[in-house]
Amino acid sequence: MGTVPREALAKKRERAIEIANRMNAHYGMAECALHWWKDPFKLTIAVSLSAQTTDKSVNEVTPTLWKHYPNAYELAAARLSDVERILKSIGLYRNKSKNCIACAQMIVSDFNGEVPHTMDELTKLPGVGRKTANIVLNEAFGIVEGIAVDTHVFRIAHKLQLARSDAPLKTEQELLKLYPQSYWKPINHQWVLFGRETCIARHPRCSECFLSDLCPSAHVE
DNA sequence: ATCCCGAGGG
DNA sequence: CCCTCTGGAT
């Protein structure tokens with residue numbers, strides 16, 4: 001579709017950088033809201049469980065999950081009904097139970113019990129897509145090769161008119177083209193915090209927002 | 001495009 | 001009742 005005129009693109013990029021600078025000023029280097037982020041296995045499972053679910057809900061079930069299954073070998077041997085009982089309170093629990101066991105089994109059988117370090121390998125794990133893989137690469141291995149686009153990043157990118165596509169994967173590509181790589185790492189956590197406390201999905205607090213003068217969607221009352 | 005699917009808020 | 005929550009597989 002439309003090739004954006006060069007000058008308009010420069011303007012857009014300039015606005016995007018200013019947005020990132022203000023996010024940095026406001027949130028600094030935000031940390032992962034999920035617990036267990038230092039253990040690659042627990043991080044991988046916890047992030048995959050967080051699909052369409054609040055991190056608060058995930059943090060309520062993971063202590064029980066780790067108590068029974070502290071590593072890939074234990075979870076790989078788990079009974080489905082036992083895991084379903086533990087995950088019952090989070091959404092999509094049947095898929096997540098089946099996937100996290102299968103994920104652990106693949107880590108054991110194909111990767112010697114270690115969470116793999118590449119995008120291709122990570123996204124082969126059941127229940128692990130690009131979003132989860134980006135988080136794991138970023139937090140567990142210090143590898144930044146993409147931006148994790150979740151519901152918050154997707155919504156905010158559109159509200160700020162930094163992206164137009166209808167799919168998270170395309171949104172990621174738009175953001176990757178818009179920002180230099182040095183800007184990629186903090187985007188996910190900062191935008192998630194911003195999405196939870198200011199650019200709330202149902203009731204965005206535009207009048208209190210530190211980005212409202214840069215936001216085409218801002219409504220001032 | 002559709003399904004999965006509990007908890008919390010309005 | 002409705003919508004949303006750090007998505008992924010078919």
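Here is the naming used below: chain letters follow the sequence lines, and residue numbers restart at 1 for every chain.
The distance from the CG atom of A/Asn138 to the CD1 atom of A/Ile143 is 9.5 Å, given to the nearest 0.5 Å.
With A/Lys96 contributing its side chain and A/Ala51 its backbone, the two residues share a donor-acceptor pair below 3.5 Å.
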What does the list of N/O pairs under 3.5 Å between the protein and nucleotides 8-10 of chain B look like, with a distance for each?
unit_1: B/dG8; atom_1: N2; unit_2: A/Arg202; atom_2: NH1; d: 3.4

Quick one: which protein N/O atoms are closer than 3.5 Å to N/O atoms of nucleotides 8-10 of chain C? Pair and distance per line, please.
unit_1: C/dG8; atom_1: OP1; unit_2: A/Gly129; atom_2: N; d: 2.9
unit_1: C/dG8; atom_1: OP1; unit_2: A/Gly129; atom_2: O; d: 3.4
unit_1: C/dG8; atom_1: OP1; unit_2: A/Thr132; atom_2: N; d: 3.0
unit_1: C/dG8; atom_1: OP1; unit_2: A/Thr132; atom_2: OG1; d: 2.7
unit_1: C/dG8; atom_1: OP2; unit_2: A/Lys131; atom_2: N; d: 3.4
unit_1: C/dA9; atom_1: OP1; unit_2: A/Gly127; atom_2: N; d: 2.9

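Contact detail for A/Thr62 and A/Ala46: the closest heavy-atom pair is CG2-CB, 4.3 Å. Of all heavy-atom pairs between A/Arg15 and A/Pro216, the closest is NH1-CD, 3.6 Å. Between A/Gly91 and A/Thr53, the shortest heavy-atom contact is N-OG1, 4.0 Å.
With C/dC5, C/dT6, B/dC4 as the choices, the nucleotide that has an atom nearest any side-chain atom of A/Ala201 turns out to be C/dC5.
The phosphate of C/dT6 (OP1 or OP2) has no side-chain N or O of A/Arg155 nearer than 4.0 angstrom. For C/dC5, one of the phosphate oxygens OP1 or OP2 lies less than 4.0 angstrom from a side-chain nitrogen or oxygen of A/His152. The shortest distance between the side-chain N/O atoms of A/Arg196 and the OP1/OP2 oxygens of C/dC5 is not below 4.0 Å. At the phosphate of B/dG6, neither OP1 nor OP2 sits under 4.0 Å from any side-chain N or O atom of A/Ser89. An OP1 or OP2 oxygen of C/dG7 is reached within less than 4.0 angstrom by a side-chain nitrogen or oxygen of A/Gln52.
Each of A/Asp166 and A/Leu92 was assigned the nucleotide of DNA chain B with the nearest heavy atom; the assignment lying further toward the 5' end belongs to A/Asp166.
As rounded to the nearest Å, C/dT6 and B/dT2 have P atoms that lie 25 Å from one another. Comparing B/dC5 with C/dT10, their P atoms sit 15 Å apart, to the nearest whole Å.
Checking A/Ser89 against A/Glu60 by side-chain atom types alone, no donor-acceptor pair falls below 3.5 Å.
The CZ-P distance, from A/Phe194 to C/dC5, rounds to 14 Å in whole Å. The separation between A/Lys170 atom NZ and C/dG7 atom P is 20 Å, rounded to whole Å. As rounded to whole Å, 14 Å separates atom C1' of C/dT6 from atom CD of A/Gln190. Atom CD1 of A/Ile156 is separated from atom P of C/dT4 by 14 Å (rounded to the nearest Å). The CG atom of A/Leu87 sits 14 Å away from the C1' atom of B/dC4 (whole-angstrom rounding). Here the C1' atom of nucleotide B/dA7 and the CG atom of A/Leu49 are 15 Å apart, to the nearest Å. We find that CD of A/Glu172 is positioned 13 Å from C1' of C/dG7, with the value rounded to whole Å. The nearest whole Å value for the distance from the CG atom in A/Asp55 to the C1' atom in C/dT4 is 13 Å.
Qualifying salt bridge (charged side-chain N to carboxylate O under 4.0 Å, His left out) partners for A/Arg79, counting only residues two or more places apart in sequence or in other chains: A/Asp82. The salt bridge (charged side-chain N to carboxylate O under 4.0 Å, His left out) search around A/Arg130 returns A/Glu172, not counting sequence neighbours.
Sorted by first and then second residue, the side chain to side chain donor-acceptor pair (under 3.5 Å) pairs involving residues 141-151 of chain A (not counting sequence neighbours) are A/Asp150-A/Asn188.
Through direct or relayed side-chain contacts under 4.5 Å between Ile, Leu, Val, Met, Phe, Trp and Tyr, A/Tyr73 connects to A/Val108.
Contacts of A/Lys88 with the nucleic acid, taken as non-hydrogen atoms under 4.0 Å apart, involve only primed sugar atoms and P, OP1 or OP2.
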